[in-house]
Engineer: 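Here you go, one structure.
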Amino acid sequence: MNIFEEYIKKITDLISKNKQSLNLDNLNNFKGVVVESPPAEFNFDLSCNVGLLLGKINKINPIELSNRIKDLIIKELKDFEKVEIAGPGFLNLKLTKRSLILNINQILKNKESFGKKISNNSYNIEFVSANPTGPMHVGHCRGAIYGDVLANLLKFNGNKVVKEYYINDYGNQIKNFAKSVFLRIREIKYNEKFIPKEDLYPGEYIIDIGKKIIESNKNEKFDSFDETLQLLKTESLRHSMNLIKSDLKELGIEHDYFFSETDLIEKKLVDKAINQLKKNNYVQEGFLEPPKGETDKNWKKTKKLIFKSTLFGDDTDRAMKKSDGTWTYFANDVGYHMDKISRNYKYLINVLGADHTGYTKRITAAVNALSDNKVKLDCKVCQLVKLYKNGKPFKMSKRAGDFISAKDLLKEVNKDSIRFMMLNRSNDVEIDFDFDKVLEKSKDNPVFYVQYSFARISSIFRTLKKDINEKINLDLENFFLNENETKLLRKVFEWPKIVEIASNKYEPHKIPYYLYELATLFHSYWSKGNKNENFKFIEDGKIKKEETLAIIILVTVVIQRGMEILGVSLPDRM
RNA sequence: GCGCCCUUAGCUCAGUUGGAUAGAGCAUCGGUUUUCUAAACCGAGGGUCGUAGGUUCGAAUCCUUCAGGGCGCGCCA
């Protein structure tokens, strides 16, 4: 149920039927024609640009054409009590009481599904995929929450969504991780001091992991690193994945599927993918140009196995095998994406951190090559979370072990505020995350503002001893909305469109912005009652007019749906 | 050198996929509470939408130039 779509259809159908009398040769399938909310100062419910667009392609003065359409609408459609031309040729439309009531009742009848745009596709969203060498830090939270809310949004619209996590449990970094744990174990057991070195992980959590491994392997002496490597790897991985999963859980996030890189190698999925690419000669022996960044004196031009990703829009071809014969990280990822493709998703989404920007083209190229351009992969890059502490920028680095973990953050700030804050910005821009400010539990936090509007509404229901499912009977004769109620209703009408755009463009940040605006309108209405008794909703324990209750219920419906999507709670008292 | 992202009010950012007089929050200044919850509301000031061109009825939005900031540019992961 989307009021804008409803009236686009009515208006364009009408124009199609009267194409000749309107003197229109070309309707161009009404491309670009929209119905939307006009700016508030015009005081209309809807506005339509059809006259502007059709005037242009039919060489008719847009105002003249709009006037003809206006006459037609007045004559044929009974939905509007007022139609006007404004500005360069917009049609502004005001709904009759009857249409307003119809639309309100429509939403009240379908509270749970209001705003859904059913699309029934299958999506795979890969997000977080933090290296399993330690707990999550603040920077990971952003992509985690973005991915989770995007999944909620797509599910809300009826799509099947799998939330996936790729565990990079293969390769050198895991070996270094295991080595760090080994050295910490030696430190604990034999008092050999741990000396931080470049490739080692210095973080304190390594000690905890070491202790746990000692505990569960009492007979092991840990004399030789090589001999205990396998044990250390699996145990350390298990512990650090548990750390990550518990962090995610505290943020309200649960993945559906964990995919292990080691599994990938063992099941030879990479070979399979590469062989398929070889069939089309997308993968061949060849030479690469020297890297363009800092000049590397050790670089030599050698023959190697390369993927011709430039055929699919990448900037340069990519190596698939290292000189020791093992696959590159990228080759593994190609294998992984082959597996995703074989699981029959229509859309793949990878949520990445800003430091992986340069990676998006090659993996998108690989998916196109593997699926013959049938599967669409979108890489969404979340820009940096810039951390400030004591006014100074805080550099986050796992290697340095000097990072603020998600757990540290969660200790101080509740998950609702973190989720709302991380989403209250487009993923394309950096977030300044002032740690001290967040610790202050600042009143300025927009999440409180939205929650508070709901708490106020809840208090109305309490006073009235009613709830959101109260049966509403709107009487056509006496139907009247005051200015505030009209504004709120028009805002409510926009909700389906916000959901649609947010999910089509993968821009969940539109939801918190919208909810904030809706809350503003409600707070404004509420406060009028403080100045003027006439604007109070309730008199002698009863609602003054049924319309007010209807509007309040609509606002509640939207706030609830919105906060469900965001994964933020809605206390009914604050 | 190349790629991606950003540049809008003093600060932090929105801007409905080309529309109407460019909007919020914070900060500043001034007001509102015998209350259905003041964690709120109302008002004021504040703009050459980085620059220079182009596309058209119409540009913050699309194309090109240049400038500034961020991230990245391996047989690492």
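Letters A, B, ... are given to chains in the order of the sequence lines, protein chains preceding strands, and every chain is numbered from 1. Predicted model only: the values in this text are computed from it and were never measured.
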Engineer: Is F90(A) stacked against the base of A20(B), taking the criterion as centroid distance under 5.5 angstrom and interplanar angle under 30°?
Structural biologist: yes
Engineer: Under 4.0 Å from any atom of RNA chain B, heavy atoms only: list the residues of residues 35-50 of chain A that qualify, in numerical order.
Structural biologist: E36(A), P38(A), P39(A), F42(A), S47(A)
Engineer: Between V381(A) and G358(A), which residue's closest nucleotide on RNA chain B lies nearer the 5′ terminus?
Structural biologist: V381(A)
Engineer: With a 4.0 Å cut-off on heavy atoms, is I538(A) in touch with a base, just the backbone sugar-phosphate, or nothing at all?
Structural biologist: base
Engineer: I want to confirm an ordering. Mapping N504(A) and K536(A) to their closest nucleotides on RNA chain B, which one lands closer to the 5' end?
Structural biologist: N504(A)
Engineer: Does A86(A) reach a base, just sugar-phosphate, or nothing at all? Heavy atoms under 4.0 Å.
Structural biologist: base
Engineer: Report which part of the nucleic acid D572(A) touches: base, sugar-phosphate, or nothing (heavy-atom distance under 4.0 Å, all strands).
Structural biologist: base
Engineer: I'd like a table of atom pairs between the protein and nucleotides 7-12 of chain B - only N or O on both sides, under 3.5 Å - with the distance next to each one.
Structural biologist:
| from | atom 1 | to | atom 2 | distance (Å) |
| --- | --- | --- | --- | --- |
| U12(B) | O2' | R425(A) | NH1 | 2.7 |

Engineer: Is it the case that S119(A) and N157(A) place a side-chain donor and acceptor less than 3.5 Å from each other?
Structural biologist: no
Engineer: Can you tell me which stems RNA chain B forms, taking runs of 3 or more consecutive Watson-Crick or G-U pairs with both distances under 3.5 Å?
Structural biologist: B:1-7 with B:67-73, B:10-13 with B:23-26, B:28-32 with B:40-44, B:52-54 with B:62-64
Engineer: With a 4.0 Å limit, can you tell me whether Y506(A) has a side-chain N or O closer than that to the phosphate oxygens OP1/OP2 of U17(B)?
Structural biologist: no
Engineer: Could you check how far NZ of K497(A) sits from P of G15(B), rounded to whole Å?
Structural biologist: 14 Å
Engineer: Rounded to whole angstroms, how far apart are CD1 on I63(A) and P on G19(B)?
Structural biologist: 18 Å
Engineer: Any N/O pairs under 3.5 Å between the protein and nucleotides 75-77 of chain B? List them or say none.
Structural biologist:
| from | atom 1 | to | atom 2 | distance (Å) |
| --- | --- | --- | --- | --- |
| C75(B) | O2 | S323(A) | N | 2.5 |
| C75(B) | O2 | S323(A) | OG | 3.0 |
| C75(B) | N3 | S323(A) | N | 3.4 |
| C75(B) | N3 | S323(A) | OG | 3.0 |
| A77(B) | OP1 | K322(A) | NZ | 3.1 |
| A77(B) | OP2 | K322(A) | NZ | 3.4 |
| A77(B) | O3' | Q173(A) | NE2 | 3.2 |
| A77(B) | O2' | Q173(A) | OE1 | 2.9 |
| A77(B) | O2' | Q173(A) | NE2 | 3.0 |

Engineer: Please tell me if K542(A) has a side-chain N or O lying less than 4.0 Å from either OP1 or OP2 of C36(B).
Structural biologist: no
Engineer: Output one line per pair: protein atom, nucleotide atom from nucleotides 42-44 of chain B, and distance, for all N/O pairs under 3.5 Å.
Structural biologist:
| from | atom 1 | to | atom 2 | distance (Å) |
| --- | --- | --- | --- | --- |
| C42(B) | OP1 | S524(A) | OG | 3.0 |

Engineer: Separation of I431(A) atom CD1 from G69(B) atom P, in whole Å?
Structural biologist: 23 Å
Engineer: I'd like a table of atom pairs between the protein and nucleotides 56-61 of chain B - only N or O on both sides, under 3.5 Å - with the distance next to each one.
Structural biologist:
| from | atom 1 | to | atom 2 | distance (Å) |
| --- | --- | --- | --- | --- |
| G58(B) | O6 | K56(A) | NZ | 3.3 |

Engineer: Within the 4.0 Å heavy-atom criterion, would you say D314(A) contacts the bases, only the backbone, or no part of the nucleic acid?
Structural biologist: nothing
